Number of protein chains: 4
Amino acid sequence: MSGYFDHIAPVRYEGPDSDNPLAFRHYDPERIVLGKTLKEQLRFAVCYWHNFCWDGADVFGEGTFQRPWHSGADALSLAEQKMDVAFDFFARLGAPFWTFHDYDIAPEGSTIRESRENFARMIDRAAQKQEETGLQLLWGTAKNFGARRYMAGAATNPDPEVFAYAAAQVQQALEATHKLAGANYVLWGGREGYETLLNTDLKREQEQLGRFMQLVVEHKHRIGYKGAILIEPKPQEPTKHQYDYDSATVFGFLQKYGLENEIKVNIEVNHATLAGHTFEHELATASSLGILGSVDANRGDHQNGWDTDQYPNNVEEMTLACYEIIKAGGFTTGGFNFDTKLRRTSIDAEDLFHAHIGGMDTMALAFMKAADLYEQGELQRFVDNRYAGWEQDLGQKILGGKLDLAGLADYAVDKNIAPKPVSSRQEMLENMVNRVIFNRN
Amino acid sequence: MSGYFDHIAPVRYEGPDSDNPLAFRHYDPERIVLGKTLKEQLRFAVCYWHNFCWDGADVFGEGTFQRPWHSGADALSLAEQKMDVAFDFFARLGAPFWTFHDYDIAPEGSTIRESRENFARMIDRAAQKQEETGLQLLWGTAKNFGARRYMAGAATNPDPEVFAYAAAQVQQALEATHKLAGANYVLWGGREGYETLLNTDLKREQEQLGRFMQLVVEHKHRIGYKGAILIEPKPQEPTKHQYDYDSATVFGFLQKYGLENEIKVNIEVNHATLAGHTFEHELATASSLGILGSVDANRGDHQNGWDTDQYPNNVEEMTLACYEIIKAGGFTTGGFNFDTKLRRTSIDAEDLFHAHIGGMDTMALAFMKAADLYEQGELQRFVDNRYAGWEQDLGQKILGGKLDLAGLADYAVDKNIAPKPVSSRQEMLENMVNRVIFNRN
Amino acid sequence: MSGYFDHIAPVRYEGPDSDNPLAFRHYDPERIVLGKTLKEQLRFAVCYWHNFCWDGADVFGEGTFQRPWHSGADALSLAEQKMDVAFDFFARLGAPFWTFHDYDIAPEGSTIRESRENFARMIDRAAQKQEETGLQLLWGTAKNFGARRYMAGAATNPDPEVFAYAAAQVQQALEATHKLAGANYVLWGGREGYETLLNTDLKREQEQLGRFMQLVVEHKHRIGYKGAILIEPKPQEPTKHQYDYDSATVFGFLQKYGLENEIKVNIEVNHATLAGHTFEHELATASSLGILGSVDANRGDHQNGWDTDQYPNNVEEMTLACYEIIKAGGFTTGGFNFDTKLRRTSIDAEDLFHAHIGGMDTMALAFMKAADLYEQGELQRFVDNRYAGWEQDLGQKILGGKLDLAGLADYAVDKNIAPKPVSSRQEMLENMVNRVIFNRN
Amino acid sequence: MSGYFDHIAPVRYEGPDSDNPLAFRHYDPERIVLGKTLKEQLRFAVCYWHNFCWDGADVFGEGTFQRPWHSGADALSLAEQKMDVAFDFFARLGAPFWTFHDYDIAPEGSTIRESRENFARMIDRAAQKQEETGLQLLWGTAKNFGARRYMAGAATNPDPEVFAYAAAQVQQALEATHKLAGANYVLWGGREGYETLLNTDLKREQEQLGRFMQLVVEHKHRIGYKGAILIEPKPQEPTKHQYDYDSATVFGFLQKYGLENEIKVNIEVNHATLAGHTFEHELATASSLGILGSVDANRGDHQNGWDTDQYPNNVEEMTLACYEIIKAGGFTTGGFNFDTKLRRTSIDAEDLFHAHIGGMDTMALAFMKAADLYEQGELQRFVDNRYAGWEQDLGQKILGGKLDLAGLADYAVDKNIAPKPVSSRQEMLENMVNRVIFNRN
Ligand SMILES: [Co+2]
Ligand SMILES: [Co+2]
Ligand SMILES: [Co+2]
Ligand SMILES: [Co+2]
Ligand SMILES: [Co+2]
Ligand SMILES: [Co+2]
Ligand SMILES: [Co+2]
Ligand SMILES: [Co+2]
């Protein structure tokens, strides 16, 4: 079955001058950048769901992909075929990590017991595949939004039985992630939100969600799992309003439930877009709050705000993002996951390769450009200089609590101060960035 | 000078059948709704800036209003004329409250000292005006965004001297608000945000802002001011990204700086829109977090997202908002402020009346409809019933910490649970709301 | 099979004071408004696809509705059951019209021939159902976007064989509509657009589309069909850019291909929203260009721009829309079609009734309010008076071509003109509208 | 006075390795690309208004720039100083063209006569400046939106006297453009639109606007002006809805008034964004309709949709745009105008240079990359191949009118056709573009 990709050779780095569309031109996994290999810095992961489960359907049309493992046999055999194909793809592409939801890899059964048995069986197979291929798990997660039972939420469902069902799924998925040595466990609250306030008890639902997250953290410690727990913020879709709106909202939520040192965020490019932010804003915010965990590198459509999950292809935008990641110290447990999907008209096996190669080259080039910006240091020096006053007497007194409001008013009046505006040089700084991006390969 | 409005009679309530365009048809200040008069419930305030300072200019064109107090004399005389006109307007309209920024009512001088003297003088005049008219102050605030010195922020400015200047302004404005018995003091961070991350130290700026807010709270207690301190969230404009993005973001910020019990929010309809939320979402969120303070009732443009500051005129939208306010217990220190402005083509004196009358009637009608919804209780019963399971055994065990994740998984598996979805009845509930809105006046 | 709705009594008009959630409170079909019954004015239609074909799935989750006619038998039997249920629903609801796509009512076969046979058979059944129930067809259309073959467009496909396939479908669907005495035939170009310019020949695709529309119009005349041909504009979704963007774009297109007197538009509320317009703007534009045909009354989400196809529930917004329709002379062949769908959590049979009842009551109430506005005439008098100068000497000379640019310049300079601005009274006019909406039932 | 820029040396091309922030790194005016110099291909123009008239004020704050020519003398002397400074800037920057509105260069007087005299006087000075510097005029236009008289539109004003005033302005500005040998004359309908339909006669206003445009075209021919007349589409702002929404809308309008061969469009990047389009979409559309005239190269904010008029800095986005311009045959009368403005915090003289240098380098680099894409031909070959069927028998019969709808249906059924979908290769093509952009300088 894994013959599906046999006509495509393993992808190699051939350098920027290669005109082989199925080679990397920028992602050289062994190249040293900022003291580590690119493979170690970027920690690329490929997702299971869009690539191997989705059939190309959209709300206006039927599936277009017609993959052989989508029909024609019993569910478990298809799941096994799918896993063979998936690991074959991961290996040919040369991504070091993968990511999955529980019921991406296993078919749901007709009861919770049967579903758990299916999942347990496929986890064993995945463990074996990991061992055979050397591939690692960036993160696992549970699909608490697809089944009909979750139509009104999982942890935030009006029915506590649904909460229990979701808890059972997360317990098994977290333990499976632990078993597969996953670097992180992700919580994406697909339907943890509301459609209309008319039928919603907002406060109650948030309390349910807070308790759910505490339960997950408690269980993590109980089983000795050392990976990070991540929340993936998204402002809306599928529900009209989602509780994990953006990084700042998640931070407020975590503090409320005493979890700000236990849970970090997995930031997706198009979820930032949907929340009205730039991607680099979300990264900088999470970093400043100490909760930057990992990244889903897929882009949406800036024009209409759709969460199209396209592969990153804008080096200029991604350079600014990588610069924030580098300033934050780079990834520890996190990495760049491609939670991306093909256009539904890209129906061939090789389209999966074109797409990932383009995404990985974009991120690799952007990371190298960002490293140049960082090492060259001009931007940082400009910023440090701009705020220099805060390192001096007045600034230190203010921040150190040596001056109260009345004291500051006295200072201002006594000195009859008239602060002089200084150009913020935005255009010059933008040119500075482009100078780095377009002056070398 | 206050002859400007002499041709317009004080506005009276004449009932829904009146065809007098300069009468209230719904706002009957003495009508008892939910145990108080509408005047006490709604606590309407009129703002000084848009009505009396703005000249009708936009970025593409010159001023259109040509008010007599905008030119033709020295700055202090004009300010005095303006105050006479303003209080005459407030009185003829019959709004019980007003709101202002420091340099709306006083002209800035050529030095900080001169500015403070001007402001002090005008505060005395305002105190006298309040006494004469019985008008009250809903809130005061400082204009920490208009002057060139604030072009790169006030508390978040790279220059601590600007911080000091802003602190001096707020100290005086807070004390003035105290003197005028203002019910609240508002902080609106007009330029507390950034234009580009390239020149910004995000973390440092937020620390500056956190310290600033602590200083204001400390000073409030020092001077014995009993009103509430409010932050007005706005996601963007004038800066591309503002730190006080929305209620959830502000709540996270307040917790970080230990201020969540000291500061509440002043929610503006169009700021909710700009942040991608409905107005009722922002109200429900703030209420659930215990930080709902007051409201700016101006609407933006849903279509293009502009912060047009138009007068509320959609009873259906405002009914849902008022319903959230009523569920939250109604206003204590807060009220409905009209931070609204005329269309720049509405150039006549009477347009100021048409606009406010329409806004006040809209809010009054919406409040009465919401009170009907609340008293009738059908919506609340539906919601209570929907979550009934959480008041029973399983729900209480979950929330009470009696079941851990493994315990929940055992429960689910042992019982082989299969929770049954229940219709969420969104369309029926929407009809229920319209039934109340369109069945009585 | 049609027992599905047996527990729900036919819906009756019970008046605004009824608290029966399954009765009309405003839609009294026999009430005379502006000289016709409401039934004749509103010409309500119910769509087949969302109500009877869609299973409640979204991109993040499986179907939720589990209708008995969705599985469990062969495709043609299911199609027959579905038609029985659908006509039973139409009759119980009391909508006078229905609408369909070819492969809503018939299952696609494994070849084009088999598909056409299935469709022909179901059309016969539909004709019989129409005769039995007295129900009429507002419009028919062909589903030229769902099948995999249409993934890159129908008329605008790079492959002319696909064009031929689409032509065959439209030929049969147009003739079926003729046979069923449909009042209109609609062309909705679901995938007539592009995803990326990189693989698109924009000019060529538009020429293909122009030719396709000419073919349809030619065929209509050949077969003697007297109904109207309508295009349904939509700016985007499913494709990133669609050629029938909005009414003004369609008008330019029709002129280019000589079709501006042959084709009109079917305007959908949320397609207007998506194009950055208000619904009333699209109506007024189409009316001013002489191409206003019919309406799909479903609303989207103003907040995030999603095409959610919800039922109309905002009387204030719909009043402004109905006012434009009334000014345009009302519907001739057109009507209000509900191209609406339930929230996927509204899973019960009665939710279909709640939703349509709410939508029909909203439109009926809005139409009556708009008729009041129209009959009262105050708005129109204001507008006529505002432009009165254009009916006088200078205005008539300009429009009549009696003054050229130089002549106008001479006029301006010789008279040293200084035109005096006049208030545009937007706020007063908004109040005037609310006075009508909230003063009577 | 023109000493204002004396500390800044004329800007030179120094190549990509230069680290001089005040040099061009990519714009080498004499470099030959696609058979012409870059200077001839790009035809850069600098605008007068944002650079020399705007004082840095926004709706929340006062002016920040404090240019010496903004105050301190009588209006005509200031205008003369401003012109000296402007031409000094143009020359130091090395842009070959400039653009202006009538009352950018001359102060409005207290009467129309005085205004026209001022303008005539400044036109003489401009003619002399052009002669001295060799600078050319890309286009002129009239400011028919700034003055209070235009608050409700110019050609679309309810008052025909305002139409006459606007006509007089355009007559003088068109003749001035002719005198200065301007390559184009632009009509930008700043307030040719509406705020609310409640006070608007949409049809009447469009007829007024159609007549106005006919008058301009007639006058152009009468005076023997050979330049192009251009309309600059913009969907909204300052008015809520503008009649010149986008290129497709303008095309429909031009056809209606018989002007489609007389007027072309001037496309602005951020106006495309505001209309929900990509910039390249607007270019491709205008090109396909034969109305592509010129370009305003300023970008807006993709995130919040603001028309920020920032300098282009995204090479990847601009490469796709330049590729469309090259495919359309390049500019004839048109060029790249910078209708751009500084961030209001960029207050120094050198910021004007940083900004324009960055913009010019971005466009030059993008144009060279696009030329590479064009010359390499791979994209075009892919597209040609994709539509090859339309050059063959079936395609030619369809387009040539040899098959009617019934004939196509017969063809499809007789052959029992089953067209085979082909991958559209979007991701591969995106990679192809990046390969060109990032493989050479
Ligand atoms: Co996503
Ligand atoms: Co994701
Ligand atoms: Co605001
Ligand atoms: Co406000
Ligand atoms: Co739609
Ligand atoms: Co529709
Ligand atoms: Co613009
Ligand atoms: Co422009």
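Scope of the values below: all heavy atoms of this structure, side chains included, with no hydrogens, waters or symmetry mates. A, B, ... follow the sequence lines: proteins, then strands. Residue 1 opens every chain. Please read these numbers as outputs of a predicted model, since none were measured by experiment.
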Peer 1: Tell me, do L289(C) and K256(D) make a side-chain contact under 4.5 Å, heavy atoms counted?
Peer 2: yes
Peer 1: Count the heavy-atom pairs under 4.5 Å between each of S288(D), P235(D), P160(D), S424(D) and chain C, then report the option with the highest count.
Peer 2: P160(D)
Peer 1: Is it the backbone or the side chain of A147(C) that comes under 4.5 Å from a heavy atom of chain D, or both, or neither?
Peer 2: neither
Peer 1: Counting heavy-atom pairs under 4.5 Å to chain C, which of D159(D), L379(D), I398(D) comes out on top?
Peer 2: I398(D)
Peer 1: Could you grab the distance from atom CG of D384(C) to atom CG of D201(D), nearest 0.5 Å is fine?
Peer 2: 7.5 Å
Peer 1: Under a 4.5 Å heavy-atom cut-off, does chain D meet the side chain of L320(C), its backbone, both or neither?
Peer 2: side chain
Peer 1: Find the one option among Q171(C), K203(C), Q380(C), H281(C) whose heavy-atom pairs under 4.5 Å with chain D are most numerous.
Peer 2: H281(C)
Peer 1: Please report the shortest heavy-atom distance between A412(C) and A164(D), naming the atom on each side.
Peer 2: CB-O, 4.0 Å
Peer 1: Are T200(C) and Y387(D) side-chain neighbours, meaning at least one heavy-atom pair lies under 4.5 Å?
Peer 2: yes
Peer 1: What part of V250(D) gets within 4.5 angstrom of chain C, counting heavy atoms only: side chain, backbone, both, or neither?
Peer 2: neither
Peer 1: Counting only heavy atoms closer than 4.5 Å, note whether Y150(C) contacts chain D via side chain, backbone, both or neither.
Peer 2: neither
Peer 1: Does any heavy atom of chain D fall under 4.5 Å from the side chain of R148(C), the backbone, both, or neither of them?
Peer 2: both
Peer 1: List for me each residue that meets salt bridge (Lys or Arg N to Asp or Glu O under 4.0 Å) alongside E282(C), sequence neighbours excluded, and say none if there are none.
Peer 2: none
Peer 1: For the residue pair H241(C) and H277(D), categorise the inter-ring angle as parallel (less than 30°), tilted (30 to 60°) or perpendicular (more than 60°).
Peer 2: tilted
Peer 1: Passes side-chain contact (heavy atoms from CB on, under 4.5 Å), F253(D) versus F251(C)? Steps please.
Peer 2: CA-CA 9 Å; F253(D) 187 91; F251(C) 180 66; over 6 Å; no
Peer 1: Looking at R386(C), E195(C), R116(C), which makes the most heavy-atom pairs under 4.5 Å with chain D?
Peer 2: R386(C)
Peer 1: Going by the rule side-chain hydrogen bond (donor to acceptor under 3.5 Å, both in side chains), which residues pair with D404(C) if we only count those two or more places apart in sequence or in a different chain?
Peer 2: R222(D)
Peer 1: Pick from H219(C), K220(C), E175(C): which one makes a side chain to side chain contact (heavy atoms under 4.5 Å, CB included) with L405(D)?
Peer 2: H219(C)
Peer 1: Counting only non-hydrogen atoms closer than 4.5 Å, does F163(D) touch chain C with its backbone (N, CA, C, O), its side chain (CB onward), both, or neither?
Peer 2: side chain
Peer 1: How close do P421(C) and M151(D) get, heavy atom to heavy atom, and via which atoms?
Peer 2: CB-CE, 3.8 Å
Peer 1: Might you point out which heavy atoms bring N199(D) and F382(C) nearest each other, and give the distance in Å?
Peer 2: CB-CE2, 3.9 Å
Peer 1: Find out whether Y411(C) and E161(D) are in side-chain contact, i.e. whether some heavy atom of one side chain is under 4.5 Å from a heavy atom of the other.
Peer 2: yes
Peer 1: Taking C-beta and beyond as the side chain, do L429(C) and T196(D) meet within less than 4.5 Å on heavy atoms?
Peer 2: no
Peer 1: Using heavy-atom distances under 4.5 Å, tell me whether T285(C) contacts chain D through its side chain, its backbone, both, or neither.
Peer 2: both
Peer 1: Given that the side chain runs from C-beta out, which part of Y323(C) has a heavy atom under 4.5 Å from chain D: side chain, backbone, both or neither?
Peer 2: neither
Peer 1: Heavy-atom pairs under 4.5 Å with chain C are the metric here; pick the option from E260(D), Q236(D), K415(D), E205(D) that has the most.
Peer 2: E205(D)
Peer 1: Output the option from Q214(D), Q426(D), R149(D) having the highest count of non-hydrogen pairs under 4.5 Å with chain C.
Peer 2: Q426(D)
Peer 1: Taking every non-hydrogen pair under 4.5 Å, which of E280(C), Q208(C), R211(C) racks up the most with chain D?
Peer 2: Q208(C)
Peer 1: Checking heavy atoms, do the side chain of R113(D), its backbone, both or neither come under 4.5 Å from chain C?
Peer 2: both
Peer 1: Would one find more than 12 heavy atoms of other residues, nucleotides or ligands at under 6.0 Å from atom NZ of K397(C)?
Peer 2: no
Peer 1: Among the options A248(D), A168(D), P419(D), G389(D), pick out the one with the most heavy-atom pairs lying under 4.5 Å from chain C.
Peer 2: P419(D)
Peer 1: What heavy-atom pair brings I417(C) and Y165(D) nearest, and what distance separates the two atoms?
Peer 2: O-CE1, 3.6 Å
Peer 1: If I measure from the heavy atoms of chain D, does D414(C) come under 4.5 Å with its side chain, its backbone, both, or neither?
Peer 2: backbone
Peer 1: What option among Q169(C), E218(C), E391(C) has the most heavy-atom pairs under 4.5 Å with chain D?
Peer 2: E391(C)
Peer 1: Could you look at A275(C) and say if it's the side chain, the backbone, both or neither that has a heavy atom under 4.5 Å from chain D?
Peer 2: backbone
Peer 1: If you count heavy-atom pairs under 4.5 Å between each of T249(D), N157(D), V413(D) and chain C, which one has the most?
Peer 2: V413(D)
Peer 1: Calculate, to the nearest 0.5 Å, the distance between atoms OG1 and CG belonging to T278(C) and L197(D) respectively.
Peer 2: 6.0 Å
Peer 1: With side-chain contact (heavy atoms from CB on, under 4.5 Å) as the test, would you mind laying out the steps for L198(D) and E430(C) before giving the verdict?
Peer 2: CA-CA 8 Å; L198(D) 295 182; E430(C) 290 172 350; 3.9 Å; yes
